[in-house]
Number of protein chains: 2
Amino acid sequence: MPTIKDVAALAKVSTATVSHVLNETGRAGLHAKERVTAAIAELGYRPNANAASLRSRRSRLVGLVLPSITNTFFAQMASEFESLAMESGYDIAIVTSNEDQEREHERIQALLFRQTDGLIIYPCSDKGIGNGITKRDLPPSVLMDRGLTLAEFDTIGLNNELAGRTVARHLLELGHRRFTVVLPELALAASADRARGIEKELKAHGGPAQLRVITGGHTIEGSRGALEQDLHRDERPTAVVATTNVATLGAIKAIQALQLSMPQDVSLVGFDDFEWMTALRPYVTAMGQPTRTLASAAWKLLVERMSLPPGTGRKVQHLTFDGNFTIRESSGRVRQNG
Amino acid sequence: MPTIKDVAALAKVSTATVSHVLNETGRAGLHAKERVTAAIAELGYRPNANAASLRSRRSRLVGLVLPSITNTFFAQMASEFESLAMESGYDIAIVTSNEDQEREHERIQALLFRQTDGLIIYPCSDKGIGNGITKRDLPPSVLMDRGLTLAEFDTIGLNNELAGRTVARHLLELGHRRFTVVLPELALAASADRARGIEKELKAHGGPAQLRVITGGHTIEGSRGALEQDLHRDERPTAVVATTNVATLGAIKAIQALQLSMPQDVSLVGFDDFEWMTALRPYVTAMGQPTRTLASAAWKLLVERMSLPPGTGRKVQHLTFDGNFTIRESSGRVRQNG
DNA sequence: CTGATTGTGTAAACCGTTTAACATTCCGCA
DNA sequence: TGCGGAATGTTAAACGGTTTACACAATCAG
């Protein structure tokens, strides 16, 4: 592997000059630039990012901490972030916590070893990051979606409460009065906020209404089990809202398992919306998240912070965006005898 | 940030000793080890991986090149690789090509900047890696799935031809004689091999049979369009095989769009198999890939090569594994009048 | 014409580790 | 007693870049 010295020697300039043309600092003249470019091409020289990062104290690497990469929603966010990073000359290092705080801690440490300039985190719990990782331990970071309670960080997320209200209003208008909400766990701020939105909308609506909130964990099967049980109870809900895509899949399975049909027997509204869901029958009414918008907003905040000397800069921001609600086949008017 | 020097000073030993206890070289005595460990804890010292990598010429970083991370199959592979890597003290850097050679090239360069010790690549085309990247440009690498033709690399993949034959035999036994295979593009070795397996099985079976192979690109909509068109032609197939999960989703949509029912009007067999597919109605008969097995095999090969001085070591290996074929609801006996 | 400024380039220190190569101590054993 | 290893440490030179401080020439304002 040729080094910057080889390039300098071949171009008959100093390594400093090579560095300057490489980094386009503007301190290299036209003549030097030509010679260096030619030398680089001839040698097939490729700079060593580790060496550069060591001296410059900038890695141009941003860590992305996700609960799971096999969940299409997170995969989509990862994809958005990679594109955004490419545009601004950064690389993304993806790491997954598997919904486990211990592992989240471990993975974040791994990112820190590698000197990431910034972090984008979907915390796997709202009890804290990793366990016991504080803002002082981290480079500039933005928290996504969950964990909006950790106020000392910039945060980006859906307007969850509003999303909940929108979904609830839709179902109320269809005549539904008995609701069950299935979410992974109560300690998950995003889902809890969505549920709260639903509750508020029911309250605001006035009339009598039943609302049951059940938890099924982070797996499809868990959600299915929880909802199946709920559907067996008295006062069976006519409307089910699932607050994540995993819960949505579980809900579909539960409804199918009981041989209930949508939307005749029960209406379902899910969260998150992917292309492959179009193959589901019925095609489910869902509150999708604007992945591109969320990612851009987060990226913008992060880049801003990373380009500023630490400590300086504006105070923290908490931005939320509206979901895209699309009414489709899984939600319908409540049956007369429902 | 404290450095190894601060640790050394506090522990009253040399930096070399600190390094030795950090790397467990066995060259540190019990007494020193204790002092150093204490100092590390007190300072909250965290080693700088870039500096270590610069000096040691090992990054303990492996690049994973995927066509797309939003495709659940690749996401699953990524997840497997991350777990495997964690166990052996490596990190994985995931990068996506978006099925584009130009971008694949760019992303691989980015990985090389970061001094990855090895690469695991799902090439986006069998015409070559990146464009014009050769084995000499890369650290130890293993090629996955597609690109089995690039013989100078270790490769891991499904036994695609056998998988095709198995699928075909299943459908032949159900009485099907008219087949359409939908795949992304002919230049994709994995899909082409699967199609060839089907063709061979039909030939081996003897009797008259019709086989049409159509391409729909790498999108669900593309696959849907291609199959819809095919289903409108004369001699409509009674059996459809989709060679990737994207093609499978597209096929389902096409069949739904024409109001055909599975398996009464047409039988469908897909490739790849995920938990969320259980929510599809009918639940599709599919040839799943043993993701864990594939990942372990690739990882084993890669680690072996990485631990050897370059140039040495066994000759290249090409390993294939059998798929998991599961018969479900989307394939059935051909109709009498079919 | 002079002094300041700008443009271009270089030398050398430095970033935080690892790793030869070398030094010391301590034992066991002939 | 003395000698050969282990066992344990240390020193100092890399690793491949970036960046600061400085040098020199050419240009410019007055």
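As the structure is a computational prediction, the values presented were derived from the model and not from experiment. In the text below, chain A, chain B and the rest are named by the order of the sequence lines, each starting its count at 1.
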Which part of the nucleic acid, if any, lies within reach of T3(B) when heavy atoms closer than 4.0 Å are counted: base, sugar-phosphate only, or nothing? sugar-phosphate
With a cut-off of less than 4.0 Å, is there a side-chain N or O of T15(A) near OP1 or OP2 of dG17(D)? no
Pairs of donor and acceptor atoms involving the side chains of residues 13-20 of chain A, under 3.5 Å and at least two apart or interchain, shall be tabulated with distances.
from	atom 1	to	atom 2	distance (Å)
S14(A)	OG	A16(A)	N	3.4
S14(A)	OG	T17(A)	N	3.2
S14(A)	OG	T17(A)	OG1	3.3
S19(A)	OG	N23(A)	ND2	3.2
H20(A)	ND1	A16(A)	O	3.2

Check this one for me: any side-chain N or O of S56(B) less than 4.0 Å away from OP1 or OP2 of dC15(D)? no
Gap between atoms CG and P, on L112(A) and dG16(C) respectively (whole Å): 16 Å
Within the sub-3.5 Å range, which N or O atoms of nucleotides 26-28 of chain D have a protein N or O partner, and how far apart are they?
none

Gap between atoms NE2 and P, on H31(B) and dT8(D) respectively (whole Å): 13 Å
Listed by chain and number, what are the side-chain contact (heavy atoms from CB on, under 4.5 Å) partners of A85(B), not counting sequence neighbours? Y90(B), I92(B), W299(B)
Donor-acceptor pair, distance only, cut-off 3.5 Å: does the side chain of D117(A) make one with the backbone of V62(A)? no
d(CG, D6(A); P, dG16(D)) in whole Å: 9 Å
Touch check for V13(A), heavy atoms < 4.0 angstrom, all strands: base, sugar-phosphate only, or nothing? sugar-phosphate
What's touching nucleotides 23-27 of chain C from the protein side, N or O pairs under 3.5 Å?
none

Side-chain atoms of A16(A) come closest, of dT19(D), dT10(D), dT18(C), to dT19(D)
Which part of the nucleic acid does H20(B) contact within heavy-atom distance under 4.0 Å: base, sugar-phosphate only, or nothing? base
For D91(A), what residues pass the salt bridge (charged side-chain N to carboxylate O under 4.0 Å, His left out) criterion, not counting sequence neighbours? R107(B), R114(B)
With a 4.0 Å cutoff (strictly under), does any side-chain N or O of S14(B) reach OP1 or OP2 of dT10(D)? yes
With a 4.0 Å cutoff (strictly under), does any side-chain N or O of R57(A) reach OP1 or OP2 of dC14(C)? no
Any residue in residues 45-55 of chain A with a heavy atom nearer than 4.0 angstrom to DNA chain C? Just list them by number, or reply none. L54(A), R55(A)
Length of the line joining I4(B):CD1 and dC14(C):P, which is rounded to integer Å: 19 Å
